[in-house]
Amino acid sequence: MSVKSAEVNKPALTANEVAFDYDLKKGYADFKREEGSTASIDLPYSRFKTTLSGGHWDFKKKQVQLRVAGNADSTKSYFYSTNPDQRGLKFKASSGVYDLAKYRMQVGGVPYIATADAWVMPDSGKVSIGANGRIQRFKNATVVLDSLGKYHRLVKGNIEVLSKAAFTGNAEYTFKTARDSVALRFSNFEPDPAGILAGKGARGLMRRNKDQQDESALTPSAGAGPPTVATAVVSAGTKFQLTPRIGYRGNVQLHSQRRGFAFNGEVQLQFGAERKAAEWIAVKDSIDPKNFSLNLQGVKGADGKPLVTGLFMSDQTSKMYALYAAAVPNETDVQVFKVDGKMRYDDKKALYTISRNDPADVNAYEGSSLTYADATNSLSFRGPMTFMNSNKDYKMVGSGVGTANPDSARYAIDALLGIDINMPIKAIDVMGADLARVTKGSPEAQDGSTNELYKLGQFIGNKGVEAYAMRKGTADPLMKLSPKLLHTIMLSTVNLRWNEKRRAWYSVGLLGLAGVGKQPLNALVSGYVEIRRENATDVVEIYLEPEPQTWYYLKYANNLLLTKSQNENYDAEINAKAKGDYNTATSYGAFVGDFSDVDAFRAHFQRDYLGKSGKLAARPVVPQSTGNFDNLDGKKKKKKAKGNDPFGDGVMDDGAAPAKNDKAKEAAADAPEPGKSKAKAADSAPDADPTLSKKEAERQAKEEAKEAERLKKEEEKKKKEEGKKKKKGTEDPFGDS
């Protein structure tokens, strides 16, 4: 059966191997495919064929209605294109109406059209086919990408199917973030250039043989062609959030075979009080909104300046502030803590994390990490830290575990501090030996806590921490774990707090003392630490008091070191190398302070940070050897307080001579003078033995005189050596530091 068209030799419809009935009076003809036939109905003008098995031709209406015959399988009914440009386009259908006047086929019962690797689903299940097989554009279609994974579903699509391998138009995608959704309109649907280069374009295309038109040749092949990409544009005025704190503007690319999206634009980290003023950061990365992550390593601003995240202390105002992927306002600001790496968001916990390590890795002790709690705007962080701008004469390195709420200026850090000070080595040795002696019975500072492991990880790495944590028995001193833990003063535990009013860091609780110079230590001791900036310079004051009779005070300010101790030998070593006066010095040096300096710091710290009031507790007197019998039989002779001893502790403001000089003087004073040796010997000797000869007595007197002379010469020799040392000290103030 053949139905002519307006074009010669190009019929509108041809049906072979069909049986038909017609009624000329009523103006119709019914036809159906014969039993056992596999012939298709050909639509040459539309350049399509169909496997629908029957139909009704209405002569008057000039329509041919195609349908599935009563005894046919409707699931095996298809329309497929004979136009080679459409590359084997085909789709299922259950009916069709051919308008012979307009030569247009209206196909019904179409669930979808497989094109590229997508399914285009007409909203009413209808497809309109014009001349040469052109399919009319859909106005409210649904697009599913891809047809296998079905990762993306777009709606309200204005879509035109061009062929088995391509379609065009635009459609709306509901982009769901963790707590919101935004409608994005994607357009420019096209094959992924990378997929074409990889040779994926030939996958799944229909290969048809004229002599073979079985069911397998007509079944739509899912996932045909290379992956499809499309692009949506987010304008600057659109309120688009990747997460509740991450704004975005720019292009969003959809990839049919990936769940996430590729972003090529700018993001804004909207944290803290100044979130609207945050900088926009260029980003070109693939992001999955359900598993959000963003690389912040090495990011730069539009002007090329590095953008950093961390905690800083202003050089101009001495205030603490937080930065989130922003440029540091002043190069001289103190970088207390810095973090980079990958930012991740956990919607269930409403937490943001930034780290180069996987947050789930429990063995990752080394490196920086920051967590931001969205509900409270609070931070928890760990990693390398510093609290001052170091120089060659006074350096500070550190690590810590802390919490903060920058909006309310609340900061707390459990810190490990290594301080290197340019000062006489002998003074360091004296301090180390003295502290080792008095801390033998003190509580240990090393506790194996998680905080301690995180702090050590910045110096000894993950493997070093694992070995330290798995140790058996008594732990080795920290300085033996790595040369990086060897410093003038090593404090393993300093619980620092920030005082916004005084704009300073101050310690609370006991200090963990891990070493002084080469002397390893492991003790919790009383003391204070204060770190602040004053007139754009760093000020660091440390007071260590392992016991009331033993204390050390060190103050670094104006690039000078002022120090004082109860240990006269320590003060003597500092004095021996001091050059000039502390109050007039123009370059770095170490100087001995006064008791008033120590007490002023103690009073200030206790009053301003610890909330204590009243008079300072008097420092107990340090037991000193006098060379006499003051301590005979365990009893001490009490010294009488003098007018120039304001603290009543037996220590004079003008200081005492070194102890070794006192002993030498006492030895010389106890030795008899040459002219009086015989008389003293006679006075102090017991009653003479009547049998002792006169010659023996003379011999003993001569030996005593020689001994007195020898002691006198040794005393003179020591005085000459001390004079030489003092002269050398004035020429070389830090000869051995």
N/O donor-acceptor pair under 3.5 Å between Asp146 side chain and Gln257 backbone | no

Look at the side chain of Ser355 and the backbone N and O of Ser368, then say whether any donor-acceptor pair between them is shorter than 3.5 Å.
-> yes

Give, for atom CG of Leu486 and atom CE of Met490, the distance between the pair rounded to the nearest 0.5 Å.
-> 9.5 Å

Distance (rounded to the nearest 0.5 Å) between Leu323 CG and Lys338 NZ = 11.0 Å

Any side-chain heavy atom of Tyr394 within less than 4.5 Å of one from Asp538?
-> no

From CG (Asp393) to CD1 (Ile421), nearest 0.5 Å | 10.5 Å

Check whether any side-chain heavy atom of Arg502 sits under 4.5 Å from a side-chain heavy atom of Arg532, and report yes or no.
-> no

Assess the side chains of Tyr372 and Asn377: does a donor N or O sit below 3.5 Å from an acceptor N or O?
-> yes

Grab the two heavy atoms, one from Gly593 and one from Leu562, that are nearest each other, plus how far apart they are.
-> CA-CD1, 3.5 Å

Note, Ile460 side chain near Val465 side chain (heavy atom, < 4.5 Å) | yes

Side chains of Glu541 and Tyr553: do they bring a donor and an acceptor to under 3.5 Å?
-> yes

Quick one: pull up CZ in Arg533 and CE in Met388 and give me the separation to the nearest 0.5 Å.
-> 8.5 Å

Inspect the surroundings of CD in Glu466 and state if more than 12 heavy atoms from other residues, nucleotides or ligands are less than 6.0 Å away.
-> yes

More than 12 heavy atoms from other groups under 6.0 Å of CZ on Arg259 | no

Residue pair Gln270 / Tyr324, side-chain heavy-atom distance below 4.5 Å = no

Show the numbers, then the answer: is there a ring-ring contact (aromatic ring centres under 6.0 Å, His included) between Tyr173 and Phe261?
-> CA-CA 12 Å; Tyr173 182 86; Phe261 293 81; 5.2 Å; yes

Is the closest side-chain heavy-atom distance between Phe605 and Leu610 below 4.5 Å?
-> yes

Here the pair of heavy atoms bringing Trp498 nearest to Ala409 is CD1-O, 3.6 Å

Are the side chain of Ser380 and the backbone of Thr403 linked by a donor-acceptor contact shorter than 3.5 Å?
-> no

Please answer whether the main-chain N or O of Val234 pairs with a side-chain N or O of Tyr248 as donor and acceptor at a distance below 3.5 Å.
-> no

Short question: side chain of Thr386, backbone of Met396 - any donor-acceptor pair under 3.5 Å?
-> yes

Counting heavy atoms not belonging to Arg497, are there more than 12 under 6.0 Å from its CZ?
-> yes

Beyond-backbone contact of Leu478 with Phe459, side-chain heavy atoms, under 4.5 angstrom | no

Closest contact, heavy atoms only, Ala116 versus Ala165 = CB-O, 3.5 Å

Report the C-alpha distance between Ile413 and Phe387 in whole Å, list the side-chain angles of each, state the deciding distance to 0.1 Å, and finish with yes or no for side chain to side chain contact (heavy atoms under 4.5 Å, CB included).
-> CA-CA 11 Å; Ile413 299 176; Phe387 300 89; 3.9 Å; yes

Would you sort out whether Phe138 and Val161 count as a side chain to side chain contact (heavy atoms under 4.5 Å, CB included), showing the intermediate values?
-> CA-CA 9 Å; Phe138 302 113; Val161 177; 4.0 Å; yes

So, do Leu269 and Met343 sit near enough that their side-chain heavy atoms are less than 4.5 Å apart?
-> yes

Of Tyr345, Phe240, Phe292, the one forming a side chain to side chain contact (heavy atoms under 4.5 Å, CB included) with Ile246 is Phe292

Taking atom types as modelled and ignoring hydrogens, do the side chains of Tyr321 and Asp333 form a donor-acceptor contact shorter than 3.5 angstrom?
-> yes

Could you state the interatomic distance from CG (Leu485) to CG (Leu456), rounded to the nearest 0.5 Å?
-> 6.5 Å

Minimum heavy-atom distance between Lys579 and Phe591, given as atom pair plus value | O-CE2, 3.4 Å

Side chain of Thr332, backbone of Asp315: donor and acceptor closer than 3.5 Å?
-> no

Compare every heavy atom of Asn170 with every heavy atom of Ser187, then report the nearest pair and how far apart it is.
-> CB-CB, 3.9 Å

Distance only, no hydrogens: is a donor on one side chain within 3.5 Å (strictly under) of an acceptor on the other, for Tyr352 and Thr243?
-> yes

Begin with the C-alpha distance, continue with both residues' side-chain angles, and end with the deciding distance and a verdict on side chain to side chain contact (heavy atoms under 4.5 Å, CB included) for Val143 and Phe186.
-> CA-CA 11 Å; Val143 181; Phe186 283 87; over 6 Å; no

Ser408 side-chain N/O to Asn405 backbone N/O, donor-acceptor pair under 3.5 Å = yes

Give a yes or no answer on whether the side chain of Ser256 reaches the backbone of Thr228 with a donor-acceptor pair at less than 3.5 Å.
-> yes

Counting N and O atoms only, with roles assigned by atom type, does the side chain of Gln458 sit under 3.5 Å from a partner on the main chain of Tyr365, one being a donor and the other an acceptor?
-> yes

Pair Asn535-Thr537, side-chain donor/acceptor within less than 3.5 Å | no

Crowding at NZ, Lys150 (>12 non-hydrogen neighbours, <6.0 Å) = yes

Residue pair Asn451 / Asp414, side-chain donor-acceptor N/O under 3.5 Å | yes

Are more than 12 heavy atoms from other residues, nucleotides or ligands located less than 6.0 Å from atom CZ of Arg153?
-> no

Full working for side chain to side chain contact (heavy atoms under 4.5 Å, CB included) between Val397 and Lys484 = CA-CA 10 Å; Val397 295; Lys484 295 180 181 179; over 6 Å; no

To the nearest 0.5 angstrom, please state how far the CD1 atom of Ile489 sits from the CG atom of Leu554.
-> 4.5 Å

Would a distance-only check, ignoring hydrogens and angles, find a side-chain to backbone donor-acceptor pair under 3.5 Å from Ser181 to Phe175?
-> no

Side-chain contact, heavy-atom cut-off 4.5 Å: Val516 with Tyr552?
-> no

Can you name the nearest heavy-atom pair linking Tyr468 to Leu481, along with the distance?
-> CD1-CD1, 3.7 Å

